[in-house]
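Report on one structure; see the data block that follows.
All chains are named by letter (A, B, ...) in the order of the sequence lines, taking the proteins before the strands, and each is independently numbered beginning at 1.
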Amino acid sequence: MLSQNPSASLLQGLNPEQLSAVTWPPQSALVLAGAGSGKTRVLTTRIAWLLQSGQATRYSIMAVTFTNKAAKEMNSRVSQLLHEKDSGEPTRESPILIGTFHGICHRMLRRWNKDAGLPSTFQILDSGDQLALIKRLLKQLNIAEEIIAPRSLQGFINAQKENGLRASQLTAPDPHTQRLIECYAEYDKTCNREGVVDFAELMLRSYEMLQANEILRRHYQNRFNHILVDEFQDTNKLQYAWLKLMAGDTAAVFAVGDDDQSIYRFRGAHVGNMTALMREFNIEEPIKLEQNYRSDGHILAAANAVIENNAERLGKNLRTDAENGDKIRFYTAPIDFDEAQFIIDEAKSLQREGWRLDHMAVLYRSNAQSRIIEQALFAAGIPYKIYGGLRFYERQEIKHALAYLRLAVNPDDDNALLRVINTPPRGIGIRTIENIQAAAAEQGISLWQAACGMGAKAAKVAAFVRLIDSLRAQAPNVSLQEMMLAVTRDSGLVEYYKTQKGDHQDRLDNLDELINAAVAFRPSESNFEILPDNAAESPLFPILAFLSNAALESGENQAGAGEEALQMMTVHAAKGLEFDAVFLTGMEEGLFPSEYSLAERGGLEEERRLMYVAITRAKKRLYISMAQQRLLHGQTHFGIVSRFVEEIPPEVIHRLSPAPQRFNSFTDAPKAKNRIIETYDLPQQYHGFRIGQNVRHAKFGTGVIIDAVDKGDSARLTINFGKEGVKDLDTKFAKLEVV
DNA sequence: ACCGTAGAATTTTTT
DNA sequence: ATTCTACGGT
């Protein structure tokens, strides 16, 4: 049926570099794929080519990504490539294993839960759950939050796991670390007792299982002869070790990545994996994809110039055949909401010229910056869509409902129990809960077991136990949909939100939405069945699959895709995406690069890569903007322009001058109820200068005016020059140029 | 036990 | 500025 020779059309239109990557012999390779160089195309075409040339079967390929979105995209593009040839065949082929690291590990653990030492009903902790568990643990261990901050312990535990290390393998250089290690050990104990697994644990468990179990290891090593990895620069040490284990001595690892786009060091990504891969998998030279098909010349020139300033690079330069195109437009706003208004004006005018709103994006370094832009967009009546922020499955009412569902399959989940034992309020107060906790700790049992043991002593607890018991009894016998209905009804959550004063319609809507999600949920979509002889469907299978799905795919595929809306997201979230026009906002020192990054070694280079990612999102037009004055965390900041902007060659930048009329018009914009806007007045002028303004001095460089005193025929300006310090200068003597 | 209020703490990026 | 925590009143 399938020809042994790949169809010619498959390889058509590939450039020589891409062709070489796609048709690379069955051995390991590292593809350095610059931004917009057709990375996904190479990966998907490689898969199709391997299949069509008979070098691999659908069963012997594994493709690993980081996000569900990327996995989905790869899946659909591969089947598109394959179905082009044999369309009309209704045969259901076995699916190709394409998934995220966490998703694949999760499936393995479900399939081999006994070998992994996990109960069949184990649940996944998202980071919020993890933090809650850690807080609980610290309280139980009598460790004050001032001694060990929950967040820092969370970071410590995750970092260790991402390096593949258990508490027992760690040695402490100091007493404080010693305590952290002890807490880590206790944390793992607690997780085991409760049958819960955090994100990092999914990877580590899977890794340890493969390492310890030769039969399973052999099984997978024999199965896969081609392993393809997307965004390889983002792998952490554990993921790399896991890949090595899966590959064994025989599989070819085809890794695609870009060291210049490595922006996840803070969660353990280890760029060193790229050189390690070359060394350990006998790769002589990386294949470089340097032809960019996305951005116009000026934009690409800016990106190349910025990333040039990084010392630690594997070396790669993007080129394009495209025209130079428009220059980058740089706008300095006097104050943050003027920056927002600038975006609105430009987006509107682009729209008039026929650009699509949903092909424009507003990017920012941190989520906190989105608020003011959102307000302005709302006031101006421009539809927008914010990515990130609170996800559907993170909302409290959803987490409440899911906690009941979790208890129905695994009542020992203390996290879930504590979340809902008195939500909605049913008269079980702190005192009672403390009693249960004490009893549980004393006997070394779960809270659920302790609660059951309270017997007639506490009628209210008994009622709760009956509620959960009834849910447990239903779980194996009814459909997921009925189960979800039972949970929302019997728990009293719906009733609670209905009677609670204040408008909780959105919460009720979300609960309805959750039921809809349960109705629409098809366990097969989570690809459980891909693994061989999957455990015969346990009656709890649909519920387990649904809960896992909720934890692992925390609402990436949000609704509202249909509407034409301006896209708003962090730079991190924008990686892998492209837009006709990009607004890169908040380009101020301390914001981007963030002041946190400057403290750590290599932090600045990571920020610069982030800048590189941001610039290369733009196809046709790039706006860069900053606000000289910005309200942040309730305080006014006077920012100076980001060093990254100054790294862009001036000849590709077109500087836009501030527009005072807009400045005024926003002040009395309709519906501008925001207090910030109401109290704002035009700033006082001091001999042509004003506070917050950016100025350049021949010797001190660029600075920001933070104070000014009028002295009649001149003004004394206090200017913060950043590295050069704060200087007092007189307008009469100092030569200052407004930036 | 619950609820409302005041005060304190917290602010990067997230599979 | 917002969110969480602690406390005191009902």
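Between B/dT12 and A/Asn367, no contact under 4.0 Å exists linking OP1 or OP2 to a side-chain N or O. The shortest distance between the side-chain N/O atoms of A/Arg371 and the OP1/OP2 oxygens of C/dT2 is below 4.0 Å. Considering only side-chain N and O atoms, A/Ser597 lies nowhere under 4.0 angstrom from the phosphate OP1 or OP2 of B/dT13. Listed pair A/Thr432 / B/dA1 meets the phosphate criterion, a side-chain N or O lying under 4.0 Å from OP1 or OP2.
Taking every side-chain heavy atom of A/Asn422 into account, B/dC2 is the closest of B/dT14, B/dC2, C/dT2. Side-chain atoms of A/Ala573 lie closest to B/dT14 of the nucleotides C/dT5, B/dT14, B/dT12. Which of B/dT13, B/dC3, B/dT11 sits closest to the side chain of A/Pro425 comes down to B/dC3.
Taking atom C1' on both nucleotides, C/dT5 is separated from B/dT12 by 24 Å, rounded to a whole Å. The same atom, P, is picked in B/dT13 and in C/dC4; the two are 15 Å apart, to the nearest Å.
Rounded to a whole Å, the NE2 atom of A/His572 is 8 Å from the C1' atom of B/dT14. Between the C1' atom of B/dT13 and the CD atom of A/Glu607 lies a distance of 8 Å, rounded to the nearest Å. Regarding A/Asp198, its CG atom lies at a distance of 19 Å from the P atom of B/dT14, rounded to whole Å. In this structure, CG of A/Leu131 is placed 17 Å from P of B/dT14, rounded to the nearest angstrom. Distance A/Tyr596 OH to B/dT10 P: 11 Å, rounded to the nearest Å. Atom C1' of nucleotide B/dT12 and atom CZ of A/Arg265 are separated by 13 Å, given to the nearest angstrom. Atom CD1 of A/Ile124 and atom P of B/dT14 are 20 Å apart (whole Å). Atom CD in A/Glu374 sits roughly 12 Å away from atom P in C/dT2 (whole-Å rounding).
Cation-pi geometry between A/Lys385 and A/Tyr387 is met: under 6.0 angstrom from the ring centre, within 45 degrees of the axis. Because its NZ or CZ atom is both nearer than 6.0 Å to the ring centre of A/Tyr264 and within 45° of the ring axis, A/Arg267 counts as a cation-pi partner of that residue. With a 6.0 Å cutoff to the six-membered ring centre and a 45° limit on the axis angle, A/Arg426 does not count as a cation-pi contact of A/Tyr496.
Counting only heavy atoms from C-beta outward, the side chains of A/Phe122 and A/Asp413 never approach each other to under 4.5 Å. Between A/Val306 and A/Arg608 there is a side-chain heavy-atom pair separated by less than 4.5 Å. Between A/Tyr220 and A/Met108, some side-chain heavy-atom pair lies under the 4.5 Å cut-off.
By the stacking rule of 5.5 Å between ring centres and under 30° between planes, A/Phe266 stacks on the base of B/dT13.
Residue-level contact check: A/Gln369 touches neither bases nor backbone, having no heavy atom under 4.0 Å from any strand. When heavy atoms are screened at a 4.0 angstrom cut-off, A/Thr100 is found touching no nucleic acid atom at all.
Both A/Arg151 and A/Phe199 lie close to DNA chain B; mapped to their nearest nucleotides by heavy-atom distance, the more 5′-ward contact belongs to A/Arg151.
For A/Arg267 against B/dT13, no side-chain N or O and base N or O form a donor-acceptor pair under 3.5 Å.
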